[in-house]
Asker: 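Mind looking over this structure? Questions follow.
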Amino acid sequence: MATRTAAQRRAEAAVAYDAYIAECPTRQLLDRISDKWVSLVVNALAGGPLRYGELARVVASISQKMLTQTLRNLERDGLVSRTVTPSVPVRVDYELTPLGAGLLPVMQAVKSWAEANMDDVLEARATYDADTT
């Protein structure tokens, strides 16, 4: 059996995965990256590595449990790396992997779009709510 290159495997995967098919694993990935905390954490890491406490300050109102869970999920999916530096106290840094950095432009665009269009969305909601009551 011939060995396939990484490019060949990616090309085959592009044909094999279809998020419109219910059983496709890409749905799990879409579910993960559409989470608001994932979006905020990925955007927060755009400037480089951050310690846990720094991330908690940047991503206001995220609970410790949710930040820990989000970081573990991102690490599991290969989007974030965790580096432990032995010191007193132990230093733990999180940063985007090359895979996570590839996702960053999409996340930044969604965040920017939401911030730029929030007034229009609020107006649309108010109009819809007024028309349906």
Asker: Does some side-chain heavy atom of Val42 sit less than 4.5 Å from a side-chain heavy atom of Gln108?
Answerer: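 They are not in side-chain contact.
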Asker: Carefully, step by step, assess Val90 and Thr85 under the rule side-chain contact (heavy atoms from CB on, under 4.5 Å).
Answerer: CA-CA 6 Å; Val90 173; Thr85 305; over 6 Å; no
Asker: Once side chain to side chain donor-acceptor pair (under 3.5 Å) is applied, do any residues pair with Arg51, and if so which ones, sequence neighbours excluded?
Answerer: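 Applying side chain to side chain donor-acceptor pair (under 3.5 Å) to Arg51 gives none.
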Asker: Can you name the side-chain contact (heavy atoms from CB on, under 4.5 Å) partners of Ala114, sequence neighbours left out?
Answerer: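 In terms of side-chain contact (heavy atoms from CB on, under 4.5 Å), with neighbours along the sequence ignored, Ala114 is linked to no residue.
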Asker: Specify the closest pair of heavy atoms between Ala44 and Leu55, including all atoms of both residues, with the distance to one decimal.
Answerer: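 For Ala44 versus Leu55, the nearest heavy atoms are CB-CD2, 3.8 Å.
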Asker: With distance as the sole criterion, is a donor-acceptor pair present between the side chains of Thr68 and Tyr52 under 3.5 Å?
Answerer: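 Yes, a side-chain donor-acceptor pair sits under 3.5 Å.
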Asker: Would a single hydrophobic cluster contain both Leu30 and Tyr17, if residues Ile, Leu, Val, Met, Phe, Trp and Tyr are joined by side-chain heavy-atom contacts under 4.5 Å?
Answerer: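 No; tracing contacts between hydrophobic side chains, which count when under 4.5 Å, never links both residues.
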Asker: Does the side chain of Asn73 reach to within under 4.5 Å of the side chain of Val38, using non-hydrogen atoms?
Answerer: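 When only atoms from C-beta onward are counted, Val38 and Asn73 do not touch, as no gap falls below 4.5 Å.
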Asker: Listed by chain and number, what are the side-chain contact (heavy atoms from CB on, under 4.5 Å) partners of Ala6, not counting sequence neighbours?
Answerer: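 Listed in chain order: Arg9, Arg10.
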Asker: For Ser112, enumerate each residue passing the side chain to side chain donor-acceptor pair (under 3.5 Å) test, keeping only those at least two apart in sequence or located in another chain.
Answerer: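 Ser112 satisfies side chain to side chain donor-acceptor pair (under 3.5 Å) with no residue once adjacent residues are dropped.
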Asker: Output all residues satisfying side chain to side chain donor-acceptor pair (under 3.5 Å) with Arg32, sequence neighbours left out; order by chain, then residue number.
Answerer: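 Result, side chain to side chain donor-acceptor pair (under 3.5 Å) vs Arg32: Asp77.
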Asker: Which pairs with one or both residues in residues 54-68 pass salt bridge (charged side-chain N to carboxylate O under 4.0 Å, His left out), sequence neighbours excluded?
Answerer: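 Of all non-adjacent pairs touching residues 54-68, none passes salt bridge (charged side-chain N to carboxylate O under 4.0 Å, His left out).
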Asker: Give me each pair satisfying salt bridge (charged side-chain N to carboxylate O under 4.0 Å, His left out) with a member in residues 81-92, each pair once, sequence neighbours excluded.
Answerer: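 Pairs touching residues 81-92 that pass the test: Arg91-Asp93.
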Asker: Quick one: salt bridge (charged side-chain N to carboxylate O under 4.0 Å, His left out) pairs with a partner in residues 105-130, sequence neighbours left out?
Answerer: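 Qualifying pairs, neighbours excluded: Lys111-Glu115.
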Asker: Linking I/L/V/M/F/W/Y whenever any side-chain heavy atoms sit under 4.5 Å apart, do Val84 and Leu45 land together?
Answerer: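 Val84 and Leu45: one cluster.
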Asker: Find the distance between CG (Leu50) and OH (Tyr94) and round it off to the nearest 0.5 Å.
Answerer: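 Reported value, rounded in 0.5 Å steps: 11.5 Å.
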Asker: Could you pull out all residues at least two apart from Ala101 that satisfy side-chain contact (heavy atoms from CB on, under 4.5 Å)?
Answerer: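 Expected list: none.
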Asker: With sequence neighbours left out, write down each residue that passes side chain to side chain donor-acceptor pair (under 3.5 Å) with Arg4, or none if nothing qualifies.
Answerer: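 Scan of Arg4 (side chain to side chain donor-acceptor pair (under 3.5 Å), adjacent residues dropped) gives Glu12.
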Asker: With sequence neighbours left out, which residue pairs that include part of residues 34-48 fulfil the side-chain hydrogen bond (donor to acceptor under 3.5 Å, both in side chains) condition?
Answerer: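 Residue pairs with at least one partner in residues 34-48: there are none.
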Asker: Closest heavy-atom contact between Ala19 and Cys24?
Answerer: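 Taking every non-hydrogen atom into account, N-SG, 4.1 Å.
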Asker: After noting the C-alpha distance and the side-chain angles of Ile21 and Arg27, does the key distance pass the side-chain contact (heavy atoms from CB on, under 4.5 Å) rule?
Answerer: CA-CA 9 Å; Ile21 297 171; Arg27 286 204 178 185; over 6 Å; no
Asker: Begin from the C-alpha positions of Leu67 and Val41 and carry the test side-chain contact (heavy atoms from CB on, under 4.5 Å) through to its verdict.
Answerer: CA-CA 8 Å; Leu67 180 55; Val41 167; 4.0 Å; yes
Asker: Give, for atom CD1 of Ile33 and atom CD of Gln28, the distance between the pair rounded to the nearest 0.5 Å.
Answerer: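 Those atoms lie 12.5 Å apart.
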Asker: Could you state the interatomic distance from CG (Asp18) to CD (Glu23), rounded to the nearest 0.5 Å?
Answerer: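 With rounding to 0.5 Å, CG (Asp18) is 11.0 Å from CD (Glu23).
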Asker: Going by the salt bridge (charged side-chain N to carboxylate O under 4.0 Å, His left out) test, which pairs reach into residues 96-105, not counting sequence neighbours?
Answerer: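 Qualifying pairs, neighbours excluded: none.
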Asker: For Leu79 and Leu103, what are the C-alpha separation, side-chain angles and deciding distance, and is it a side-chain contact (heavy atoms from CB on, under 4.5 Å)?
Answerer: CA-CA 8 Å; Leu79 302 173; Leu103 178 63; 4.1 Å; yes
Asker: Taking all non-hydrogen atoms of both residues, which atom of Val80 and which atom of Thr97 are closest, and how far apart?
Answerer: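 Heavy atoms of Val80 and Thr97 come nearest at C-CG2, 3.6 Å.
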Asker: Where is the tightest heavy-atom contact between Ala46 and Leu104, given as atom of each residue plus distance?
Answerer: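 Scanning both residues, the minimum pair turns out to be CB-CD2, 3.6 Å.
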